[in-house]
Number of protein chains: 2
Amino acid sequence: MDLRQVRYFIAVAEERSFTAAARRLNLSQPPLSQHIQALEAELGTQLLYRTSRKVELTQAGEAMLLRGRAILQQVKSAEDEVRSIGAGLIGTLDLGATGSILRGRLAELLAAYREVAPLVRMTVHEQAPALQIAALLNRTTNISLIRGVPGERDLTSKLAWREEVVLAVPRGHHLAKRKRVALAELASEDHVILDPDSSDFARYVQRCCVDAGFLPKVSQQVVDAQSIPSLIAAGFGVALVPQSIARFTTADIAFRPIRPSPPAADVFLVFREDETSMVVHNFIKLALRYLGQRKKLG
Amino acid sequence: MDLRQVRYFIAVAEERSFTAAARRLNLSQPPLSQHIQALEAELGTQLLYRTSRKVELTQAGEAMLLRGRAILQQVKSAEDEVRSIGAGLIGTLDLGATGSILRGRLAELLAAYREVAPLVRMTVHEQAPALQIAALLNRTTNISLIRGVPGERDLTSKLAWREEVVLAVPRGHHLAKRKRVALAELASEDHVILDPDSSDFARYVQRCCVDAGFLPKVSQQVVDAQSIPSLIAAGFGVALVPQSIARFTTADIAFRPIRPSPPAADVFLVFREDETSMVVHNFIKLALRYLGQRKKLG
DNA sequence: ACGATTGATAGGTTTTCCCTATGGATCTCC
DNA sequence: GGAGATCCATAGGGAAAACCTATCAATCGT
């Protein structure tokens with residue numbers, strides 16, 4: 001049995017006429033008759049009563065019409081699904097990220113992606129960078145956003161964006177009166193820092209300070225970046241934070257650019273080299289395009 | 001999309017090899033490659049990763065494999081159903097019959113038919129002959145078994161069997177001592193009869209008596225033929241009954257043949273001339289064949 | 001009764017499909 | 001490390017199919 005024969009039969013059955021069905025199928029009438037005959041021969045059953053004046057369905061024909069429609073519908077649905085999967089519009093996407101990145105630019109990136117592929121089931125796994133690498137390797141996640149490129153050979157990294165480092169100080173602090181601050185000026189300040197063991201950003205900041213000739217005096221070390229603004233406002237000192245978190249806090253804290261600016265903190269999209277999912281490829285493609293545009297606009 | 005392409009793809013996907021799949025399909029490898037390419041082009045999606053060493057499924061290919069199998073299964077199931085309907089092995093069969101005929105030879109006929117077509121849903125509508133004709137005409141039933149041929153022009157009748165008339169008498173009755181009885185001898189007996197208004201058989205018996213030169217003295221008239229044996233045993237008189245019911249009663253009643261025998265009561269298969277159902281045609285064909293054999297054997 | 005319409009059939013052409021032969025790439029074995 | 005084997009892709013020719021036009025037989029409506 002052939003899908004074409006099914007389509008042809010349905011047309012004849014619906015039109016109750018070979019001639020009309022042939023017209024609908026953009027076909028001449030003789031091959032249509034032949035196909036129906038072939039179908040009947042294969043099924044060993046008459047499907048249509050034909051007189052030279054009208055065409056009627058037999059019981060077998062009625063069944064064939066119903067089943068044929070169901071088959072065509074299923075075929076169409078299968079085509080749609082396969083096409084969607086192939087285009088990366090259906091599937092799952094597991095992302096790894098640290099909280100600070102998630103609350104930063106990643107959120108808007110995810111929103112942009114969701115508009116393009118609303119049927120993709122996205123899950124963000126918020127965890128430390130080292131765990132993210134492991135998750136990528138054991139295929140728990142597809143993509144990670146990490147500051148810095150991991151050394152693993154099976155992973156590919158692409159620059160997502162560069163993040164400026166800014167100084168967060170309490171409103172009353174003497175540096176809050178300045179328009180910009182040099183890094184070396186922070187040598188004498190108390191610093192609130194993230195735990196360098198679990199945060200790439202913390203390590204990056206530390207290296208910047210070392211490059212500027214001092215080791216920051218740590219007044220407080222926290223695990224969760226969200227705690228930093230509260231501590232700054234409470235007068236524990238100053239902190240070097242990614243620019244993106246400046247959006248979220250305002251009242252008691254001032255943000256000041258560092259000039260001359262240290263090398264920007266680079267955030268990378270990391271994924272397996274052998275990644276096959278079109279969802280993942282689509283996401284990466286969209287992300288690079290989207291972030292490229294944004295960079296120019298900003 | 002074409003069923004052949006689906007079959008071809010499934011073979012390749014299952015074998016994880018074009019060469020092996022081609023062998024399984026009794027096909028050379030090149031056209032197989034071409035069909036898969038055509039399928040991929042139509043779906044706008046790669047379904048397979050091919051290196052010159054191994055073939056793997058993409059996510060879209062996995063989906064295609066699942067959906068393709070489902071499609072083929074549905075197609076096969078549709079073919080089976082249509083074939084069965086066309087062969088009259090699936091469907092419904094509504095029969096009309098009076099109780100006496102149902103309890104007579106019809107029961108064994110239905111049993112024989114059920115063996116041939118166990119999936120056909122049979123329903124017997126037990127009702128008076130006039131209602132059976134109406135049911136046939138308004139397509140409530142497909143076939144009726146009736147004594148005598150109806151006059152309606154849209155109905156066809158075929159002789160099913162001829163039923164001998166036998167005399168039922170109480171064991172102690174003087175006629176019970178006889179080996180055979182002439183119809184005229186019953187002129188002086190009390191008769192238990194069925195209601196002639198609802199029973200063709202009753203009318204037929206009455207005509208036989210009239211032909212023999214007497215009108216039966218009615219001691220009791222009943223509507224349900226099943227009541228007759230009880231009344232005979234209770235001494236209400238004698239009754240002329242179809243031979244077939246002789247099987248069911250024994251103890252208090254004797255059955256004696258009528259000689260010379262009156263014209264046998266003919267039972268007909270009646271059905272619409274324009275009947276299309278293969279189930280009905282099958283049943284009629286089997287019935288005539290089966291009853292023909294039985295008649296010769298009996 | 002005659003013209004119009006319907007589905008089936010016949011014959012020829014185009015398209016599709018399949019086969020053999022071959023090429024490029026990778027793996028295996030010596 | 002190189003030769004042979006194996007795998008999938010491509011090219012070109014021949015066979016099979018699908019389709020078209022023309023025509024026939026039967027039926028309906030005028």
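Reminder, nothing fancy here: chain letters follow the sequence lines and each chain counts from 1.
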- [ ] Taking the side chain as every heavy atom from C-beta outward, state whether B:L95 and B:F271 have any pair of such atoms under 4.5 Å apart.
- [x] no

Taken to the nearest whole Å, CD/B:Q37 to C1'/D:dA9 is 7 Å

Of A:D2 and A:P30, the one whose nearest nucleotide on DNA chain D sits closer to the 5' end is A:D2

Between CZ of A:R50 and C1' of C:dT9 the distance, given in whole Å, is 13 Å

What does B:L27 touch in the nucleic acid at a heavy-atom separation under 4.0 angstrom: a base, only the sugar-phosphate, or nothing? sugar-phosphate

Problem set entry | Chi angles and distances behind the side-chain contact (heavy atoms from CB on, under 4.5 Å) call for B:H125, B:L131 | CA-CA 10 Å; B:H125 301 255; B:L131 294 177; over 6 Å; no

B:L32 CG to D:dT10 C1', in whole Å, measures 15 Å

Validation row: A:T92, A:T123 side chains within 4.5 angstrom (heavy atoms):
no

From the candidates D:dC19, D:dC20, C:dC18, the one with an atom nearest any side-chain atom of A:S28 is D:dC20

query = Taking OP1 and OP2 of D:dA17, is either one under 4.0 Å from a side-chain nitrogen or oxygen of A:R4?
reply = no

Rounded to whole Å, the OH-P distance (B:Y49 to D:dC8) equals 17 Å

A:K54 NZ to C:dT6 P, in whole Å, measures 14 Å

*OP1, OP2 of C:dC18 versus side-chain N and O of B:Y8: anything below 4.0 Å?*
yes

Any salt bridge linking B:R147 with B:E163? Criterion: basic side-chain nitrogen under 4.0 Å from a carboxylate oxygen.
yes

Side-chain touch B:E40/B:T45, heavy atoms, less than 4.5 angstrom:
no

Rounded to whole Å, CG of A:L48 lies from P of C:dT6 at a distance of 16 Å

CD of B:E273: more than 12 outside heavy atoms within 6.0 angstrom? yes

inquiry  = When you measure from the side-chain N and O atoms of A:S33 to the phosphate of C:dA8, is any distance below 4.0 Å, counting only OP1 and OP2?
reply    = yes

B:H35 side chain N/O closer than 4.0 Å to the phosphate oxygens (OP1, OP2) of C:dC18?
yes

Per-helix bend value, the helix from C:dA1-D:dT30 to C:dC30-D:dG1, C1' rotation axes over five pairs per end, 10° rounding, shows 30°

Note: for A:T51 and A:Q29 on DNA chain D, the residue whose nearest nucleotide lies more 5' is A:Q29

I'd like to know whether A:F283 forms a side-chain contact (heavy atoms from CB on, under 4.5 Å) with A:L110, so could you lay out the CA-CA distance, the side-chain angles of the two residues, the decisive distance to 0.1 Å, and finally the verdict.
CA-CA 9 Å; A:F283 180 87; A:L110 296 186; 3.9 Å; yes

Separation between CD1 (A:I85) and CD (B:E62), nearest 0.5 Å, reads 9.5 Å

To the nearest angstrom, the CD-P distance between A:E56 and C:dG7 comes to 12 Å

Answer yes or no: is there a side-chain heavy-atom contact under 4.5 Å between B:L72 and B:V6?
-> yes

To the nearest angstrom, the CD-C1' distance between A:Q34 and D:dT21 comes to 13 Å

Expected list for residues 13-26 of chain A near DNA chain C, using heavy atoms below 4.0 Å, is A:S17, A:F18, A:T19

Heavy-atom side-chain proximity of A:L136 to A:D154 below 4.5 angstrom: no

